[in-house]
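First up is the structure itself, then whatever we jot down about it.
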Amino acid sequence: MRRCTAISEGDGNAQEYQAGSWNPPIRVKTRLDKAPPGNRAAEPVKVRMYRQGRGDCCLLHFPKPDGGAFWMMIDCGIIVGTPDAKEIMTSVVDDVATVTGGRLDVLVITHEHWDHVSGLLQAADVFKTRLKIDCVWFGWTEDPGNPLARKLAAERKRAVQALRMTAQRLHASNSALAGGVSKLLEFFGESLGVAGGTRTSDAVRAAGEYSRRAPRYCRPTDPPIVLPELPGIRFYVLAPPQNEQAIKKSNPSKRSTETYEEAVAVDANSAFFAAALHNLAGAEDSPFADKGLVEQSCPFDISQQVNPEEAKDWPFFHDNYFAEEIAWRKIENQWLEVASQLALQLDSHTNNTSLVLAIELVASGKVLLFAADAQVGSWLSWQDLRWTIKDGNRTETVTGKELLRRTVLYKVGHHGSHNATLRELGLEEMNSSELMAMIPVDHDMAVNKRWNMPFPPLLDRLAQKTRGRILRIDDKIAAADRGTPENVPPALWKEFQQRATYRDLYVELSVDNCPGA
């Protein structure tokens with residue numbers, strides 16, 4: 001790999017991990033920090049991934065032609081239940097304010113999950129007093145003017161309300177499913193299924209209020225974003241897909257297409273929501289109240305139904321269904337068992353509304369991929385994306401597949417889960433010899449939540465594809481202190497060590513932008 005020729009004192013990363021903290025860095029000579037004077041385009045882009053725990057927060061530094069710096073932050077959150085979460089996220093945003101000089105050019109909010117947005121509320125004081133944000137980017141799914149976005153938001157709101165009520169009933173009945181449903185509700189700021197407090201929607205609203213300008217709602221059909229102050233960078237929007245079917249496809253399937261119920265039919269989701277929200281106090285005034293849907297959700301036609309209170313006085317029903325000794329025959333709460341499955345679907349559908357960015361360094365053609373929590377349906381949709389780029393008299397076509405092939409830094413999706421990195425049409429397409437990966441995962445915390453993250457087969461393949469060049473927020477040993485992996489040339493490993501910086505609060509990688517590298 002060709003590298004920029006200037007030699008400078010870099011950040012260095014020859015540290016040792018002792019007693020839970022990093023020693024002061026040893027300054028090392030590196031050829032990766034600065035380009036020759038006047039060649040700002042070839043200076044490295046730096047990606048800082050914060051080590052707050054199970055959550056996402058990255059800070060990107062791009063050198064500007066005028067000698068300044070362009071700063072972009074992608075997400076800012078931590079999982080519900082993390083001890084001292086407010087203090088942790090405040091320290092993260094404090095660092096952002098310090099290193100950026102108190103100014104973010106762009107804040108990217110990928111999707112409405114607590115572990116991606118909580119810091120917007122937990123560190124609100126810092127955002128309000130120490131940071132000026134020029135613009136916030138959302139996916140089109142947050143655009144109040146988009147009909148499909150409004151439909152998805154209404155479905156999510158209805159689902160969260162229904163699952164919250166269900167979680168309360170499951171806890172009251174000591175159901176083994178209660179914990180699982182509550183854990184998934186935590187992604188929306190719904191602690192233990194109890195209403196009240198702050199939620200993801202509050203955090204997203206706060207992001208818009210912090211911005212100096214009106215938000216940008218990003219769509220895959222948009223031309224690549226080129227900002228006047230950053231002419232050497234193109235931001236391609238890969239997702240959210242503008243297709244409801246793709247958004248609701250979260251897991252791999254042997255079938256190439258997915259079927260849907262006819263409009264007159266009631267699927268399991270609709271029946272569950274109707275049952276969960278039926279007969280609640282004030283349900284008649286609820287935007288989710290739908291008498292027709294409730295009737296369709298019942299197993300028998302309304303003409304054949306009997307009011308349970310009336311049935312208690314009928315000898316047949318009293319003797320065969322309501323007598324205390326045969327209470328085991330009651331099935332009133334059996335429908336609650338579908339709640340865990342539907343909570344998983346809600347979580348996955350929200351992941352598929354993730355704003356995914358492929359950032360092209362034009363001088364070198366290298367791509368940085370930030371996949372947020374996108375899952376199968378989203379990844380599949382990238383295969384069909386095409387953009388026409390005009391540069392003077394020259395016209396070229398860029399495709400989603402090509403951007404994957406040119407990816408040199410992959411911020412691994414959804415903390416390394418099993419269904420958030422596609423295989424043949426995803427990681428296997430990333431064939432750059434320079435491929436590196438960053439994983440925002442805390443394995444011990446994931447295990448405590450009973451999540452298998454990072455997924456071992458995925459981690460093994462990442463290690464092969466990157467030749468061991470992976471940074472994780474839960475790394476106990478800095479790259480500089482790791483031995484050269486088997487079958488990896490020592491010079492290649494040393495160069496990676498020079499690119500990587502470790503601190504208590506973050507890990508960082510630099511990506512050079514030398515033409516022809």
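Please read all numbers here as calculations on a predicted model, not as lab measurements.
Within the 3.5 Å criterion, the main-chain N or O of Gly208 finds no donor-acceptor partner in the side chain of Ser211. A donor-acceptor pair under 3.5 Å is formed between the side chain of Trp140 and the backbone N or O of Pro240. A distance-only check finds no donor-acceptor pair linking the side chain of Glu142 to the backbone of Tyr217 [under 3.5 Å]. A donor-acceptor contact shorter than 3.5 Å links the side chain of Thr399 to the backbone of Glu402. Under a 3.5 Å cut-off, the side chain of Lys465 and the backbone N or O of Met430 do form a donor-acceptor pair. In this structure a side-chain-to-backbone donor-acceptor pair under 3.5 Å is missing from Arg405 to Glu429. A distance-only check finds no donor-acceptor pair linking the side chain of Lys46 to the backbone of Ser510 [under 3.5 Å]. Although no hydrogens or angles enter the test, the distance criterion places no donor-acceptor pair under 3.5 Å between the side chain of Thr407 and the main chain of Leu409. Not a single donor-acceptor pair under 3.5 Å links the side chain of Ser354 to the backbone N or O of Thr110. Side-chain N or O atoms of His415 include none that pairs as donor or acceptor with a backbone N or O of Pro454 at under 3.5 Å.
Residues Tyr50 and Leu505 meet the side-chain proximity criterion, which asks for heavy atoms closer than 4.5 Å. At least one side-chain heavy atom of Met438 sits less than 4.5 Å from a side-chain heavy atom of Val507. Taking the side chain as every heavy atom from C-beta outward, Leu509 and Met49 never approach each other to under 4.5 Å. Contact annotation: the side chain of Thr100 approaches that of Leu59 to within less than 4.5 Å [non-hydrogen atoms, C-beta and beyond]. Lys411 places none of its side-chain heavy atoms less than 4.5 Å from the side chain of Val47. Using a 4.5 Å heavy-atom cutoff, the side chains of Val136 and Tyr210 are not in contact. Side-chain contact between Leu462 and Thr421 is absent, with no heavy atoms from C-beta onward closer than 4.5 Å.
For the atom pair CD of Glu244 and CG of Leu148, the computed distance is 5.5 Å after rounding to the nearest 0.5 Å. Separation of atoms CZ (Arg103) and CD1 (Ile133) is listed at 11.0 Å; rounding is to 0.5 Å. Within the model, atoms OG of Ser91 and CZ of Arg51 stand 12.5 Å from one another, a figure rounded to the nearest 0.5 Å. The distance from the CG atom of Leu355 to the CG atom of Asp75 is 8.5 Å, given to the nearest 0.5 Å.
Side chains of Glu508 and Thr501: a donor-acceptor N/O pair is absent below 3.5 angstrom, by distance only. Judged by distance alone, the side chains of Tyr502 and Asp475 do bring a donor and an acceptor atom under 3.5 Å apart.
A cation-pi arrangement is absent between Arg469 and Phe496 under the rule of less than 6.0 angstrom and at most 45 degrees off the ring axis.
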Task: side chain to side chain donor-acceptor pair (under 3.5 Å) between Thr98 and Arg130, worked out - done: CA-CA 9 Å; Thr98 299; Arg130 296 192 57 208; 3.2 Å; yes
Task: Audit row: Arg219, Asp143, salt bridge (Lys or Arg N to Asp or Glu O under 4.0 Å) steps and yes/no - done: CA-CA 10 Å; Arg219 302 168 299 177; Asp143 182 359; over 6 Å; no
TODO: Apply the test salt bridge (Lys or Arg N to Asp or Glu O under 4.0 Å) to residues Asp512 and Lys366: give CA-CA distance (whole Å), side-chain angles for both, the deciding distance (0.1 Å), then the verdict.
DONE: CA-CA 9 Å; Asp512 61 51; Lys366 298 175 183 178; 2.6 Å; yes
- [ ] Would you check, one step at a time, whether the test salt bridge (Lys or Arg N to Asp or Glu O under 4.0 Å) holds for Arg406 with Glu360?
- [x] CA-CA 9 Å; Arg406 291 197 270 126; Glu360 181 189 24; 3.0 Å; yes
Open item on the list: Between Lys132 and Asp134, is the salt bridge (Lys or Arg N to Asp or Glu O under 4.0 Å) condition met? List the steps.
Closed with: CA-CA 7 Å; Lys132 296 186 188 314; Asp134 190 53; over 6 Å; no
Task: Candidate pair Asn352 and Ser378, rule side chain to side chain donor-acceptor pair (under 3.5 Å), full reasoning - done: CA-CA 6 Å; Asn352 263 348; Ser378 180; 4.6 Å; no
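Taking each heavy atom of Cys135 and Ala214 in turn, the nearest pair found is SG-O, 3.6 Å. Of all the heavy atoms in Leu238 and Pro220, the pair that sits closest is O-CG, 3.7 Å. Of all the heavy atoms in Asn513 and Glu43, the pair that sits closest is CB-O, 3.9 Å. Minimum interatomic distance between Ala437 and Val412 (heavy atoms only, all atoms of both residues): CB-CG2, 4.0 Å.
Ring planes of His61 and Trp71: tilted class, angle from 30 to 60°. Classification of the Trp387-Tyr236 ring pair by plane angle, with boundaries at 30° and 60°, yields perpendicular.
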